[in-house]
Amino acid sequence: MGWGRVTITYAPTGYAQNYKRDNVVYHNECQNMVADAVADSVVKIIANPPAGGIPHMGPIVNRENIAQNLAVDPGINYRLI
């Protein structure tokens, strides 16, 4: 099965988290993985807001390093989601 990976970042706090999921072969599976990673990250960011609080529009996270159908597990630096 193919692995998927994504990195979620939030500039005001320097937050960065790598995520991975097995069986991410098709685009819709990749979209679901990214959505789950964003949701998990937003919960963590809200629980630990930056100094001065979270901007009025809420945390705007970046999605980077997105890949699907990788032949091998991305490794221990990626959190399984």
Side-chain angles (χ1 to χ4, degrees):
M1 303 271 101
W3 283 89
R5 72 169 186 233
V6 63
T7 300
I8 306 297
T9 62
Y10 181 58
T13 62
Y15 174 89
Q17 178 68 58
N18 297 316
Y19 292 93
K20 66 182 178 180
R21 179 176 283 170
D22 196 6
N23 199 23
V24 178
V25 177
Y26 301 106
H27 184 69
N28 64 328
E29 295 162 345
C30 189
Q31 286 178 312
N32 292 337
M33 175 195 64
V34 171
D36 291 346
V38 166
D40 185 72
S41 292
V42 168
V43 167
K44 290 178 181 180
I45 292 164
I46 289 172
N48 298 293
I54 294 175
H56 175 66
M57 293 180 61
I60 307 296
V61 297
N62 295 310
R63 299 144 184 92
E64 304 168 359
N65 197 27
I66 299 170
Q68 67 189 46
N69 204 20
L70 299 170
V72 296
D73 181 336
I76 61 172
N77 293 327
Y78 286 79
R79 182 171 177 260
L80 186 62
I81 191 163

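In this text the structure is predicted, and so the values were computed from the model without any measurement. This chain uses plain numbering: 1 for the first residue, then up along the sequence.
Checking each of Asn65, Thr7, Asp73 against Tyr78 for a side-chain hydrogen bond (donor to acceptor under 3.5 Å, both in side chains) leaves exactly one that passes, namely Asn65. Residue Asn69 forms a side-chain contact (heavy atoms from CB on, under 4.5 Å) with just one option from Val24, Asn23, Val25, and that option is Val25.
Among residues two or more places apart in sequence or in another chain, the side chain to side chain donor-acceptor pair (under 3.5 Å) test is passed with Asp22 by none. Residues satisfying the side chain to side chain donor-acceptor pair (under 3.5 Å) test with Tyr15, not counting sequence neighbours, are Tyr19, Ser41.
A donor-acceptor pair under 3.5 Å is absent between the side-chain atoms of Arg5 and the main chain of Asn18, judged by distance alone. Looking only at distances, a side-chain donor or acceptor of Arg21 sits under 3.5 Å from a matching main-chain atom of Ile81.
Nearest heavy-atom pair across Cys30 and Gln68 is CB-OE1, 3.1 Å. When all heavy atoms are compared, the tightest approach of Ile54 to Tyr10 is CG2-OH, 4.0 Å. Closest heavy-atom contact between Ile45 and Val61: CD1-CG1, 3.7 Å. When all heavy atoms of Pro74 and Gly4 are compared, the pair lying nearest together is CG-O, 4.2 Å.
The local environment of CG in Leu80 is crowded, with over 12 non-hydrogen atoms from other residues, nucleotides or ligands closer than 6.0 Å.
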* Go through the steps for Val34 and Ile66 under the test side chain to side chain contact (heavy atoms under 4.5 Å, CB included), then give the verdict. => CA-CA 8 Å; Val34 171; Ile66 299 170; 4.2 Å; yes
* Asked: Please walk me through it: do Lys20 and Leu70 pass side chain to side chain contact (heavy atoms under 4.5 Å, CB included)?
  -> CA-CA 10 Å; Lys20 66 182 178 180; Leu70 299 170; over 6 Å; no
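Atom OG1 of Thr13 is separated from atom NZ of Lys44 by 12.0 Å, given to the nearest 0.5 angstrom. With values rounded to the nearest 0.5 angstrom, Thr9 atom OG1 is found 11.5 Å from Gln17 atom CD.
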